[in-house]
Amino acid sequence: MLKDAPIAISPKQRSVARPQNERLFLDLIRDNGPMSKAELTRASELSAQSATVIVNRLVKDGLLQPGKAVKGKVGQPSVPFSLDPTGAVSIGIKVGRRSLEVVSMSFDYSILERIVRRYSFPNLDAIRQDMLACTAGLFDKMTAAQKERVVGIGIALPDELSAWESTVGAPKGAMADWASSDLSKDMEAAFGLPTTDLNDASAACLAEIAVGARQRNKSFVYFYVGTFIGGGISLGGQLYTGQNNLAGAIASLPTGAVSSGVASQLLEGASLHYLEAAAEAAGLSPNGFYENRPLNITERGLFEDWLKIAAPQIAFAAVAGRAFLDPEMIVIDSSLSPELTQEMVEAVKDAIGRNYDKRGLAKINIEAGEIGIAARAIGSGILPFLSQFGLEKE
């Protein structure tokens, strides 16, 4: 029960958002790597005195650390400042349709500890209790200093889980309570920490923005192929969620035009749920598609059969994304092994080249994502850092 939560967080840990100029300096260093006070002065267009005050305060608070002085041709040696990985800690929670993943993360967005729980379908009560237990377990592994620096909890979870009961094979009525659930409120009540939630695919997109190679490409449409396919949108290096937090909801895209009946949605052909079901029907474990090993003959046949349906549908969505947003690129990531993710990306490229008329569109650049199966958990762990230290960009 929530009232029996095993961790009590002191009021000291209820962090407040840092001032705007401090956020600016942290953002500049996160984007560019170590920077000197002079470089921060030029980049921020603040006075040298103001920059010195801000840097000194961030060092005192443990968020920045000085490096070795670099000697120049004239003047005093230049000291570069970088993020101190120990300066803040977050808890990230990914609630999936087949698994729960709880991580603790350092200020440089690295995972410190990770706990995974698996299940046949997402039962709310069981997941709530596992979230409490796993989060308590992560606190148990922290030092006293780390506990003092926890700034919040982030939760990444699918939208409208109650609507997917039959699709994930849950007993009738077993997922109805998700419609009125509020896991963020539950976690805040249990741990006394600010808690933020986000769609799981949007969280994966956030991770790609923050730590993927896509940092050099500020605008892209993002596809995450998990148990169900989902997506996100990066505009100007920021996650764009839309007025209803549903931007990038590619799972709901129709896969074609119809004049009667109801059009199929992208999630009905391009989701890994169908590949997993095919494997189980053949008496195989779906784990082979997520492990870094060659597929056996049966697995290879199942994967290629799934890809024949999924790749053209993802290609259709990619062309639509190019037409509507004109992004720098399309990024496709997945829970699959890196090799199979790349194979899927190449199949999507091939489908675009063969099947779709691209007149009036710029070149459609498609690349595989950098993070893979950990993307949603990493994105959830980044959320608390953004709440405290993130910078709104124009």
Side-chain angles (χ1 to χ4, degrees), residues 1-17 62 84-158 161 174-175 177-178 180-200 203-204 206-207 373-389:
M1 300 294 290
L2 292 177
K3 64 181 181 181
D4 298 322
I7 296 295
I9 303 301
S10 68
K12 181 179 179 181
Q13 290 168 278
R14 291 177 174 272
S15 304
V16 296
D84 187 337
T86 66
V89 178
S90 74
I91 300 293
I93 301 172
K94 186 272 294 187
V95 178
R97 296 171 179 85
R98 299 292 187 210
S99 64
L100 173 73
E101 188 170 355
V102 185
V103 300
S104 55
M105 285 180 59
S106 58
F107 195 39
D108 62 353
Y109 295 169
S110 297
I111 292 178
L112 298 171
E113 299 284 349
R114 176 174 177 264
I115 302 174
V116 178
R117 297 283 186 268
R118 303 192 185 280
Y119 39 80
S120 57
F121 72 92
N123 176 276
L124 177 60
D125 287 338
I127 287 175
R128 184 190 287 115
Q129 294 304 318
D130 277 349
M131 287 172 62
L132 291 169
C134 291
T135 301
L138 292 182
F139 273 106
D140 287 342
K141 294 181 179 181
M142 292 182 191
T143 65
Q146 286 176 322
K147 291 177 183 178
E148 285 293 317
R149 292 185 174 274
V150 177
V151 297
I153 299 172
I155 303 175
L157 72 165
L161 265 173
M175 291 171 57
D177 49 359
W178 279 102
S180 58
S181 65
D182 191 341
L183 291 178
S184 291
K185 184 178 179 180
D186 294 342
M187 294 301 287
E188 281 196 3
F191 295 97
L193 286 165
T195 304
T196 309
D197 61 64
L198 184 66
N199 170 268
D200 59 336
L206 178 60
I373 197 168
R376 294 163 293 178
I378 291 174
S380 69
I382 290 173
L383 283 173
F385 291 132
L386 292 183
S387 296
Q388 300 296 326
F389 311 107

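In this structure, the side chains of Val95 and Ile93 come closer than 4.5 Å at one or more pairs of heavy atoms. Under the 4.5 Å side-chain criterion, counting only non-hydrogen atoms from C-beta, Phe191 is not in contact with Val150. Residues Ile378 and Val103 form no side-chain contact, since every pair of their non-hydrogen atoms from C-beta on lies 4.5 Å or further apart. Within the 4.5 Å cutoff, the side chain of Thr196 has no heavy atoms near those of the Leu386 side chain. Residues Phe385 and Met105 are in side-chain contact: their nearest non-hydrogen atoms beyond the backbone lie under 4.5 Å apart. Between Leu132 and Met187 there is a side-chain heavy-atom pair separated by less than 4.5 Å.
Evaluation of the side-chain contact (heavy atoms from CB on, under 4.5 Å) rule for Ser120 yields no partner, not counting sequence neighbours. With sequence neighbours excluded, the residues satisfying side chain to side chain donor-acceptor pair (under 3.5 Å) with Ser184 are Asp197. Residues passing the salt bridge (charged side-chain N to carboxylate O under 4.0 Å, His left out) test with Arg114 are Glu101, sequence neighbours excluded.
Atom CD1 of residue Ile115 and atom CG of residue Asp130 lie 10.0 Å apart, to the nearest 0.5 angstrom. Within the model, atoms CD1 of Ile127 and CG of Leu100 stand 6.5 Å from one another, a figure rounded to the nearest 0.5 Å. Atom CZ of Arg128 is separated from atom CG of Asn123 by 9.5 Å, given to the nearest 0.5 angstrom. With rounding to the nearest 0.5 Å, the separation of CG in Leu112 from CE in Met142 is 7.5 Å. Taking CD1 of Ile155 as the reference point, atom CD1 of Ile91 lies at 11.5 Å (rounded to 0.5 Å).
Nearest approach of Ala203 to Ser380, heavy atoms of both residues: CB-N, 4.1 Å. Closest heavy-atom contact between Leu161 and Met175: O-CE, 3.0 Å. Nearest heavy-atom pair across Gln146 and Thr143 is OE1-N, 3.0 Å. For the pair Ala174 and Phe121, the tightest heavy-atom approach, listed with the atom from each and the gap, is CB-CE1, 3.7 Å. Pairing each heavy atom of Gly154 with each of Pro384, the nearest pair is N-CG, 3.5 Å. In terms of heavy-atom proximity, Ala375 sits nearest to Ala207 at O-CB, 3.4 Å.
Of the possible donor and acceptor atoms, none in the side chain of Arg149 sits under 3.5 Å from a partner among the backbone N and O of Val89. Checked by atom type and distance alone, the side chain of Ser90 pairs as donor or acceptor with a backbone atom of Gly381 at under 3.5 Å. Within the 3.5 Å criterion, the main-chain N or O of Thr195 finds a donor-acceptor partner in the side chain of Glu188. Side chain of Tyr119 to backbone of Ser99: a donor-acceptor contact under 3.5 angstrom is found.
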| Derivation of the side chain to side chain contact (heavy atoms under 4.5 Å, CB included) call for Leu124 and Leu183 | CA-CA 9 Å; Leu124 177 60; Leu183 291 178; 4.0 Å; yes
